[in-house]
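Notes to accompany the following structure.
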Amino acid sequence: MNRLKLLREEKGLYQSDIAKYLGISVPAVGYYENEKRDMSPEVILKLAEYFDVSTDYLLGKSNLRNNKLTLD
C-alpha cells in the first residue's frame, strides 16, 4: 500500500482533505496514491511535515516513520 494512502487513512482523512491542504485537485491526490504521478519535492516536504514523518518514510525508502533526534 502506498504510504500516503496509509497515513491518510490512519488519520481518518479523505483525499479531498489532502487536496485542500496541498491546494491541488482530488484526482491529483489519487494519482499520487496510485503512483500514476510523482510528487514534487515541495509536495513531499509538505506531506512529511503534515504527517510528522520523514520524507524517506513517505517515499517508502525507510521503515522509520520519524528520525528526529530527541535529547532525553
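This is a predicted model, so every value here is computed, not measured. Just the heavy atoms: all of them, side chains too, but no hydrogens, waters or symmetry mates, feed the values below.
- Within a 6.0 Å sphere centred on CG of Asp38, heavy atoms belonging to other residues, nucleotides or ligands number 12 at most.
- Ser54 and Ala48 make their closest contact through C-CB, 4.2 Å (heavy atoms, listed as atom of the first residue, atom of the second, distance).
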If you apply the rule side chain to side chain contact (heavy atoms under 4.5 Å, CB included), what do you find for Ile18 with Tyr32, and how did you get there?
CA-CA 11 Å; Ile18 301 302; Tyr32 293 154; over 6 Å; no
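- In this structure a side-chain-to-backbone donor-acceptor pair under 3.5 Å is present from Asn2 to Leu4.
- Between Leu7 and Leu47, the closest side-chain pair of non-hydrogen atoms is not below 4.5 Å.
- In terms of heavy atoms, Leu64 sits closest to Tyr57 at O-CB, 3.3 Å.
- Residues Tyr14 and Val26 fail the side-chain proximity criterion, which asks for heavy atoms closer than 4.5 Å.
- The salt bridge (charged side-chain N to carboxylate O under 4.0 Å, His left out) analysis of residues 56-65, with sequence neighbours excluded, yields the pairs Glu10-Arg65.
- Counting only N and O atoms by type, the side chains of Asp52 and Asn66 include a donor and acceptor under 3.5 Å apart.
- Under the 4.5 Å side-chain criterion, counting only non-hydrogen atoms from C-beta, Arg8 is in contact with Glu33.
- Using a 4.5 Å cut-off on side-chain heavy atoms (C-beta onward), Asp17 and Lys11 make no contact.
- Residues satisfying the ring pair (Phe, Tyr, Trp, His ring centres under 6.0 Å) criterion with Tyr31, sequence neighbours excluded, are absent altogether.
- Under a hydrophobic clustering in which Ile, Leu, Val, Met, Phe, Trp and Tyr are joined whenever their side-chain heavy atoms come within less than 4.5 Å, directly or via other members, Leu6 and Phe51 fall into the same cluster.
- To the nearest 0.5 angstrom, Glu9 atom CD is 9.0 Å from Gln15 atom CD.
- Here the OG-CD1 distance, from Ser40 to Ile24, works out to 8.5 Å after rounding to the nearest 0.5 Å.
- Atom CG of residue Asn63 and atom CZ of residue Arg3 lie 5.0 Å apart, to the nearest 0.5 angstrom.
- Every residue meeting the ring pair (Phe, Tyr, Trp, His ring centres under 6.0 Å) condition with Tyr50, not counting sequence neighbours, appears here in chain and number order: Tyr21.
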